[in-house]
Amino acid sequence: MTEILLEVKNLKKYFKTPSGMLHAVDDVSFSIPKGKTLGVVGESGCGKSTLGRTALQLYEPTGGEILFHGQNIANLSKKEFRQVRTKMQMIFQDPYSSLNGRMTVRQLIAEPLIVNKVCKNRKEIEERVTKIMDTVGLANRLSMAYPHELDGGRRQRIGVARALVLEPEFVVCDEPVSALDVSIQAQILNLLMDLQDQMGFTYLFITHDLSVVKHISDEIMVMYLGKCVEYASASEMFKNPVHPYTKALLGSIPIPSVESCHKKRQLIQGEVTSPVNPKPGCRFAARCPHATERCRQGDIPLREITPGHFAACHLI
Amino acid sequence: MDERIKDEILKIEDLSIQYKTDLETVYAVNGISFSLKQGETMGLVGETGAGKTTTALAVLGLLAERTAKVTSGRVLFEGQDVCKMSEHELQRLRGEKISMIFQDPMTALNPVLTVGEQIGEALYLHNEQELSKKEIDRKVEETLEMVGIPRERKSEYPYQFSGGMRQRVVIAIALVCNPKLLIADEPTTALDVTIQAQILTMICDLQRKYGTSVIMITHDLGVVAETCDKVGIMYAGEIVEYGTLADIFTGDCHHPYTEGLFGSIPSLTEDARRLHPIEGLMPDPTELPEGCKFAPRCTKCMEICKTCQPGVWEKNGHQIQCHRFTENGEVKR
């Protein structure tokens, strides 16, 4: 049995808003073995980014535990936590707004090293920056460029370099490729997977793109309005989706082949309802074509349908 | 053949556009040609910087005045050259006959005007039938319902709408004057898949209803497969492959760049540990390589590719700009 690197138990994150409590992440549990990838999919507003950020303690969790190497990171002192933080990094979603426009590429990549005081002298910083730029495929001539001069793919490479320059063990990738072109997206995905093979990174990969998540993940969690509605291995999830939301999500993907072009698609109506003070019962009930009275009463726990495949639905 | 599909509404001939600054010249579009008939949808696929949006802006006459220059070619909309029109003529064209759906619904709307005012604005400006305020109001309400927004919401502001709803507002603005040509610049890139599916279905339904021609600019080949009749694959300011949907998706002959694009998409049906992306990056549009623009990244590059610009191979309307094909439709070995 492989070592569990990160374990999250009953994680909750609520935000206080003028109209009530916003349940961004509501009672989510998962664990990721070392060197594996957990994909989190869902539509915007389902709490997947909050989940990633809370797992890194960028937000204070409302409830639940986060165990990194079996150690609860909430109990650490500031100094100890700084140590752990260098091992847990994040690649942000938008390469256009997550980089300081007044810093050069080199300064941007060196910043985490300086902030965390991991290098002894300037020379070491320079060396590590040069090395990571090479690893992520940024040409050395770009080191004095500013982000606005670069295209999205190169900017995202800066984001990847910034996260990986500290040589972390656990990386939260928050939609790292959604702002990129397909050929660049493929390069970044290959890069992330190659680096995982070489350095044994563990990823929490957040995305809304189902083909990407299938490609990169070992296990997949589908979220809807703060809840995990289905959890299974990547191949199982795509072969036998059981939750109506997962089915709808899979049915919405435009498939790049001609056969798909005139088929009638199963659309789900409406949009995600508000996560503020959610009603009891299944959160998908309002859009679900199969919803019954029973779905609107009481919380629906995750049940194991087949070994390793969990879903939260009464109807299965 | 559909009855409505007959007239050529847009014809682009050998269009080249450069952006000139004191420091450098950007060769954004390099001699592209295509035509669009009424009711047809054409997909323009390519990476960032391929010149897709510049082409779209040229059709609308919206190119930056000081820097952008059309160096050759013509853009004929209903037989008239858009590049030679005066600003006054262009203003009558934009919004009324040609309109555009912008990529990012979050920034395309004015935050201090209600959505009703923003949709009505196009009608006030192109008020040829001299509609009264009331009639315009009614038209705005109709348009809102057409895109699936309750009419009561017309006096709300953009921040009160979700992303998908805002994109519907942007589409309503584009369609309120019943344009003949709609340019959709990545209309669903910023949206969730379930909302994307709703919006694409809506665009297709509206197009069928009003016989609008659409240029769909996208990088998502899945979106192309679901919506388009014709496809142009753009690379470094050129259309490297052009054909019907079937030519591009099931045909035997392809430009190496097209093959690379397909290899970059993670498949939902097959398992593969690695993708096969195209190595390298787009060439710098200020210093395009001699010969074939794709040669430096091409796995099938030959000596001739590095020095000589390839001609266009054509078979039943399927065009490929590559040295590997000869005039006889044979693949050169």
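On a predicted model such as this, the values are computed, not experimentally measured, just so you know.
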*Exercise: identify the closest heavy-atom pair between B:Ser264 and A:Ala186*: O-CB, 3.5 Å
_Listing request: all salt bridge (Lys or Arg N to Asp or Glu O under 4.0 Å) pairs with a residue in residues 35-49 of chain A, at least two apart in sequence or in separate chains._
A:Glu43-A:Arg287, A:Lys48-A:Glu175
_Among B:Val223, B:Thr227, B:Val224, B:Leu221, exactly one meets side-chain contact (heavy atoms from CB on, under 4.5 Å) together with A:Pro254. Which residue is that?_
B:Val223
*Working to the nearest 0.5 Å, report the span between CD of A:Gln185 and CG of B:Leu275.*
8.5 Å
*Which residue pairs pass the salt bridge (Lys or Arg N to Asp or Glu O under 4.0 Å) test with at least one member in residues 225-248 of chain A, sequence neighbours excluded?*
none
_Rounded to the nearest 0.5 Å, what separates atom NE2 in A:His208 from atom OG1 in B:Thr194?_
10.5 Å
_What part of B:Ile278 gets within 4.5 angstrom of chain A, counting heavy atoms only: side chain, backbone, both, or neither?_
both
*Considering residues, nucleotides and ligands other than B:His276, do more than 12 of their heavy atoms fall under 6.0 Å from its NE2?*
no
_Distance in Å, B:Asp220 CG paired with A:Ile253 CD1, rounded so as to fall on 0.5 Å steps_ = 10.5 Å
